[in-house]
Amino acid sequence: MTLPRKKSRLIEVDAVRYRYVVSKSGAGDDGHFTLNLTIQLESGDASVLKVEGLRSRDYWLDFPHIESSDKYLNMKPGQVAAIIRRALAQGWCSQKSGAPFSLQM
């Protein structure tokens, strides 16, 4: 499985280029939804990293009564880079093909 170029973002971490996609599932009754983060080498010919356990809340459900932005997760490139480094430290072989690697956050 190769991540599509049009719907993914490019990031370079420690001189290695990756593509990543952030998507979300439908919101639950509490207004929170699950973020899905999928990462792969830019070439697309190696193992995929699937990050699980990221939850956020829809900003517009609380607008204009927002006290703090802490509960609204935005996936920034620095956070994606940190997740890639964490997955590599936990055994993700990003340059070898194989089954998807799941990282629980």
Worksheet entry | All pairs passing side chain to side chain donor-acceptor pair (under 3.5 Å) where residues 3-12 contributes a residue, at least two apart | S8-R19
Practice prompt. Calculate, to the nearest 0.5 Å, the distance between atoms CG and CD belonging to L54 and Q104 respectively.
Written response: 8.5 Å
Discussion item. Hydrophobic cluster membership, with links at side-chain heavy-atom distances under 4.5 Å among I/L/V/M/F/W/Y: are V22 and L10 in one?
Written reply: no
Discussion item. Can you tell me which residue among L49, V16, V48 is in a side-chain contact (heavy atoms from CB on, under 4.5 Å) with L41?
Written reply: V16
Item to complete: Could you pull out all residues at least two apart from R85 that satisfy side-chain hydrogen bond (donor to acceptor under 3.5 Å, both in side chains)?
Response: D14
Name each donor-acceptor pair under 3.5 Å that joins a side chain in residues 91-103 to protein atoms two or more places apart or in another chain, with its distance.
| unit_1 | atom_1 | unit_2 | atom_2 | d |
| --- | --- | --- | --- | --- |
| W92 | NE1 | S47 | OG | 3.4 |
| S94 | OG | Y18 | OH | 3.4 |

Discussion item. What's the separation between atom CG in L3 and atom CD1 in I39, rounded to the nearest 0.5 Å?
Written reply: 9.0 Å
Worksheet, complete the sentence: Sequence neighbours excluded, the answer for side-chain hydrogen bond (donor to acceptor under 3.5 Å, both in side chains) partners of R17 is E42
Worksheet entry | Nearest heavy-atom neighbours spanning P77 and I11 | O-CD1, 3.3 Å
